[in-house]
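Inspection log for the structure reproduced underneath, given as structure tokens.
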Amino acid sequence: MGIWFDETFKSSRFGLKVTRTLFSAQSPFQKVDIFETEELGRVMTLDDAFMTSEGDEFFYHELLTHPAMLTAKAPERVLVIGGGDGGTVREVLRHASVKKCVMIEIDELVVRACMEHLPTIGTAWKDPRLEVRFADGVDYVKHSDEEKYDVVLLDGTDPIGPGEVLFDLEFFRACKRMLKPHGVMALQSETPLLMSEAFFETQVKLRSLFSKVAPYLGPVPLYPSGLWSWTWCSDTQDPFAIDEARAKGIVDSLRWYNLDVHRGAFAQPNYVRRGIADRVGTR
Ligand code: SPD
């Protein structure tokens, strides 16, 4: 039988056969584990929930990053909240327009463990445009008086326990405060299937802050249900107005994202469309 690691989420369970434990420790914030698995290579869990795997991380990180980056106006300054495995900043730094990427991660142990054990995910740690700070992202966006950002990406954990604050209206308002007027924000917004209330409530909150809010969907086989969502927000930009010239320079190096995938991801399935309309009315 061997050893299995299962994530139990509500009354669902997804498991992977583990061949080796590479890292296991308790940080001041959470339990951090990194395993070797047969199917998806190295996998990180936080508090026993799957966060990323070598085998499927490209779905998540490419979809969190490129829709926002390619619909913002040649972004130079990018803020990433969370993202301790380094996958999101790796995708941000593919964009030649970026001069500065600040990543605010609360848990230094996660970054140190990922640097050592997940080097295929965090391939951009040494990029001179990247500044990693170990600090509370909520506190940063609420109180920082630093220069604003063209793109803000929220790569947090689930809205359960300590991660709940990352889905608060006041947190989203503070993130918007850190955006330039033409900025674009994107965040992971959970599974619209098994976490439908969190997904729909997030849509409602964001609609009270931004004039354009567009959820988009994609697969993340590692996460509960396998169907994941991200949400794109801006006051001025258009989620379908992709800067194709800039996209050309990067899509060949990607595994999931391309312009057709972008357009398809933003197509709204009926139950998502109805769920939003029921809560906020049609727009
Ligand atoms: N259910 C897991 C949701 C986790 C979202 N963040 C993952 C971090 C990957 N960089």
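Atoms within a ligand are numbered from 1 in the order they appear, just like the ligands themselves. All values reported here derive from a predicted model rather than from experimental measurement.
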Part of Tyr60 within contact of ligand 1 (heavy atoms, under 4.0 Å): side chain

Side chain, backbone, both or neither: Met51 near ligand 1, heavy atoms under 4.0 Å: both

Close-contact set for ligand 1 against Asp85 heavy atoms, below 4.0 Å: 8 (C), 9 (C), 10 (N)

Contacting atoms of ligand 1, where contact means under 4.0 angstrom from a heavy atom of His61: 9 (C), 10 (N)

side-chain contact (heavy atoms from CB on, under 4.5 Å) between Met103 and Val111, intermediate numbers included: CA-CA 11 Å; Met103 176 182 136; Val111 175; 3.9 Å; yes

Side-chain donor/acceptor of Arg246 to backbone N/O of Met69, under 3.5 Å: yes

Connected via hydrophobic side-chain network under 4.5 Å: Leu169 and Val152: yes

From CA spacing to verdict: side-chain contact (heavy atoms from CB on, under 4.5 Å), Leu222, Leu16: CA-CA 9 Å; Leu222 191 65; Leu16 287 172; 3.9 Å; yes

Within-cut-off N or O pair, Asp155 and ligand 1, under 3.5 Å: yes

Heteroatom distance test (Gly156, ligand 1): nitrogen or oxygen, under 3.5 angstrom: yes

Shortest heavy-atom approach to atom 1 (N) of ligand 1 - which of Thr157, Asp158, Thr191: Asp158

Proximity of Phe172 and Phe210 rings by center, below 6.0 Å: no

Pairing of Lys142 and Asp139 as salt bridge, 4.0 angstrom limit: no

Close approach of Trp228 to ligand 1, heavy atoms, under 4.0 angstrom: yes

